[in-house]
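Given the structure is predicted, the values throughout are model-derived calculations rather than measurements. Quick note: numbers below take in every heavy atom, side chains included, and nothing from hydrogens, waters or symmetry partners. Throughout, protein chains are lettered first and strands after them, A, B, ... in sequence-line order, and every chain is numbered starting at 1.
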Protein chains: 2
Amino acid sequence: MAAPRANMSYRDIKQVVLDRIHNKIWAPDSLLPSEIDLAAEFSSTRTTVNRALRELAEEGYLERKRKAGTRVLNAPVRKAQFAIPLIRDEISETGADYRYALVERAAMPAPGWLSARMNIAQGCEVLYLRCMHYAGNAPFQYETRWIVPDSIPEVLEADFSCSGPNDWLVQKVPFTNLELSFLATKADQPVAEFLDTQVGEPIFTTERITWLRSKPVTLAKLFFAPGYRMTTHL
Amino acid sequence: MAAPRANMSYRDIKQVVLDRIHNKIWAPDSLLPSEIDLAAEFSSTRTTVNRALRELAEEGYLERKRKAGTRVLNAPVRKAQFAIPLIRDEISETGADYRYALVERAAMPAPGWLSARMNIAQGCEVLYLRCMHYAGNAPFQYETRWIVPDSIPEVLEADFSCSGPNDWLVQKVPFTNLELSFLATKADQPVAEFLDTQVGEPIFTTERITWLRSKPVTLAKLFFAPGYRMTTHL
DNA sequence: AAGGATCTTATGTCTATATATAAAGCCATT
DNA sequence: AATGGCTTTATATATAGACATAAGATCCTT
C-alpha cells in the first residue's frame with residue numbers, strides 16, 4: 001500500500017491521492033477521508049492536504065463541498081487548457097519569420113448579423129479590417145475583424161498597416177471577457193485566395209468576441225491555412 | 001487610488017492587483033513590490049498575498065521567479081480552458097436524447113500510419129471500432145477508434161454494442177496522458193453518409209490519443225456534424 | 001576582463017493554529 | 001409530513017512564523 005512517510009509535500013500528496021483514485025482504492029463517487037484524517041495519515045498538516053485536494057479539485061478529479069466532504073468524480077471532467085499564443089509567437093516557434101499585412105480597412109455601419117451577435121445598436125459605426133499573417137512566405141492565417149469604436153474611440157486613429165489589430169488591442173484594451181469558438185468552415189472566395197487554396201476547402205476557424213466590462217469591443221474571425229491543427233497535451 | 005483596507009481576502013487582493021494591471025499602475029513588464037511589501041500595504045500576510053499572486057500567475061497575468069520577483073506579463077498569455085464533457089452529457093444538456101450505435105468492430109493489424117502515430121509495433125493487433133452518436137434523431141458525432149489490446153487486454157472481451165468505447169475506457173483505464181487536437185477535415189464517403197451530409201463538407205474534428213503510463217491505449221477521431229462549434233468563455 | 005565563490009533576497013513551501021461558512025442532519029413544532 | 005431553527009462538521013480562508021531554494025548581485029581571484 002502507499003507508504004505514508006513523513007515530510008510529504010503537497011505534490012507528493014497529490015500524487016498519492018491520484019494513484020489511489022487510479023487504483024480504485026478510492027472508487028468513483030466515494031468519499032475521501034476528511035482533511036484532518038488525511039493530514040494525520042500523511043503526518044502532514046491540514047493546510048498542506050488542503051492545497052493538494054484543492055488543486056486536484058481544480059484539475060477536475062475531485063468535488064469538494066463544505067460539510068459534505070470530498071468525493072471522487074466518476075466522470076473526471078478533464079479540462080483541456082490551451083494557451084492562446086500571440087500569432088507572432090506561434091509562428092516564431094516553428095522557426096519561420098512572421099509577417100503581417102493589412103488587406104483592407106474600412107468604417108461601415110454594423111451589418112445586421114454583427115449587431116445581433118455583439119449586441120450593439122443597429123447600424124452603429126464599426127471599423128472593419130482584413131489582415132493576413134504569414135509564416136515565412138506561406139500564408140498562415142487570414143483574419144477578418146470588426147471593432148466597435150463606441151467602446152474604444154482611439155481605434156479610429158490607430159494605424160494597422162504595420163502591426164495587427166490584435167497587438168494593438170492587447171496593448172490598449174485589456175479585455176475582461178472573452179468568448180472563443182472553434183469550428184470548421186468552408187473556404188469562400190477571399191479566404192481561398194488569401195490562404196492559397198481552393199474554394200470549398202475545409203478551414204479550421206476560430207471566432208473571438210471580447211468585452212470590456214460588458215461593452216463589446218471586437219469580433220474576430222481567424223481562418224487558418226489548410227492542414228492547421230491546434231494541439232494540447234494534458 | 002485603490003484603498004487598501006484591512007481584512008482583505010486573497011480574492012480582494014487578486015482584484016486589486018488585476019485592476020492595477022488594467023489601469024497600468026503596474027505597467028506590462030514592470031516589477032511588482034515584493035510579497036512582504038504588499039502584505040504590509042494590504043495589512044495582510046505574506047501567505048495570503050502569495051496565494052493571490054500565485055493564482056494570478058497561473059491565470060497568465062503574472063510571471064514569478066524566485067529572487068527576481070513578480071512581473072506583469074506584457075502579452076497576457078490567456079489560457080482558454082475547455083471542459084471535455086462526456087458526449088452523453090453534452091447532448092443531454094441541449095435537451096435532446098442521446099443515442100449510441102455501434103457501426104463496426106474488427107480486430108486487425110495496425111496500419112502503418114497508426115503504429116507510427118501511436119508508437120506501437122508494426123502490425124501489432126488492434127481493435128478497430130466505428131460508432132455513431134445521435135442527438136435525438138439527428139446525427140451528432142461519428143467516431144472512429146483504435147484500441148491497443150496490448151495495453152489493455154480486457155478490451156477484447158468488452159461489449160461495445162450498447163455503450164460507447166469512451167464510456168468503457170473511462171471506467172476501465174483512467175488515462176494518465178492525453179494529446180488532443182482540433183482540426184478541420186473534409187468529409188469522406190463514410191463520414192458524409194453517417195453525418196447525413198455531402199462528401200467534401202468541412203467537418204470539425206478532434207483527435208485524441210491517450211496513454212497509460214507511456215503505454216499508448218487508444219486513438220480516437222471524432223467527426224462532428226456540420227455546424228458544430230466548440231465554445232468557451234473566460 | 002572573465003570566471004567563480006559567496007552573499008542576499010524574493011518566492012516556494014510547511015507548520016501550527018484560529019476563525020468563518022456552507023450545508024447536512026437532527027429535533028421540535030406545527 | 002412539512003417547516004423552521006439548532007447543532008455539527010468538513011471545507012475555506014487567514015495569521016504568524018520558519019526553513020528551503022533559485023537566482024540575481026557582489027566581490028574576489030586570476
Side-chain angles (χ1 to χ4, degrees), chain A residues 2-18 20-21 25-73 76-77, chain B residues 2-18 20-21 25-73 76-77:
Chain A
R5 46 178 237 282
N7 293 329
M8 294 180 79
S9 75
Y10 79 97
R11 284 168 200 279
D12 298 330
I13 294 178
K14 277 179 77 169
Q15 196 50 61
V16 171
V17 172
L18 214 48
R20 290 190 186 174
I21 293 173
I25 293 172
W26 290 327
D29 268 332
S30 67
L31 220 53
L32 265 62
S34 78
E35 293 182 345
I36 293 178
D37 293 349
L38 287 174
E41 184 193 345
F42 298 133
S43 18
S44 176
T45 59
R46 205 169 81 76
T47 314
T48 302
V49 171
N50 178 278
R51 178 158 181 195
L53 298 186
R54 174 160 39 88
E55 292 195 359
L56 285 172
E58 258 163 34
E59 289 163 29
Y61 294 100
L62 301 174
E63 186 189 38
R64 321 195 71 203
K65 276 214 306 242
R66 273 169 167 143
K67 162 73 185 175
T70 302
R71 71 175 60 241
V72 181
L73 284 177
V77 183
Chain B
R5 48 180 235 284
N7 293 331
M8 294 181 77
S9 74
Y10 80 97
R11 284 167 201 280
D12 299 331
I13 295 178
K14 277 179 77 170
Q15 196 50 61
V16 171
V17 172
L18 215 48
R20 290 189 187 175
I21 293 173
I25 294 171
W26 290 327
D29 268 333
S30 67
L31 220 51
L32 265 63
S34 78
E35 294 183 345
I36 292 178
D37 294 349
L38 288 173
E41 183 192 346
F42 298 134
S43 18
S44 175
T45 59
R46 202 169 80 80
T47 315
T48 302
V49 172
N50 178 277
R51 177 158 181 194
L53 297 187
R54 175 159 38 87
E55 291 195 359
L56 286 172
E58 258 163 36
E59 289 163 29
Y61 293 100
L62 301 173
E63 186 189 39
R64 321 195 70 203
K65 278 214 305 241
R66 275 170 166 140
K67 163 72 185 177
T70 302
R71 70 176 60 243
V72 181
L73 283 178
V77 182

With sequence neighbours excluded, residues passing salt bridge (Lys or Arg N to Asp or Glu O under 4.0 Å) with B/E55
B/K14, B/R51
Using the test salt bridge (Lys or Arg N to Asp or Glu O under 4.0 Å), find all partners of B/R54 that sit at least two apart in sequence or belong to another chain.
none
Please work out if A/R46 contacts a base, only the sugar-phosphate, or nothing of the nucleic acid, heavy-atom cut-off 4.0 Å.
base
What does B/R71 touch in the nucleic acid at a heavy-atom separation under 4.0 angstrom: a base, only the sugar-phosphate, or nothing?
nothing
For B/D29, what residues pass the side-chain contact (heavy atoms from CB on, under 4.5 Å) criterion, not counting sequence neighbours?
B/N74
Any idea which heavy atoms bring A/M8 and A/T48 closest together, and the distance?
O-CG2, 4.2 Å
Please list each protein N or O that sits under 3.5 Å from an N or O in nucleotides 7-9 of chain D, with the distance.
from	atom 1	to	atom 2	distance (Å)
D/dT9	O4'	A/K67	NZ	3.3

Which residues share a side-chain hydrogen bond (donor to acceptor under 3.5 Å, both in side chains) with B/S44, sequence neighbours left out
none
Taking any atom closer than 4.0 angstrom to a non-hydrogen atom of chain A, what span of DNA chain C does the protein reach, first nucleotide to last?
C/dT13 to C/dA24
Identified side-chain hydrogen bond (donor to acceptor under 3.5 Å, both in side chains) counterpart of B/T70 within the set B/R64, B/E35, B/E63
B/R64
Both B/A68 and A/Y10 contact DNA chain C. Taking the nearest nucleotide for each, which residue is further toward the 5' end?
B/A68
For D/dA14, does OP1 or OP2 lie under 4.0 Å from any side-chain N or O of B/S44?
no
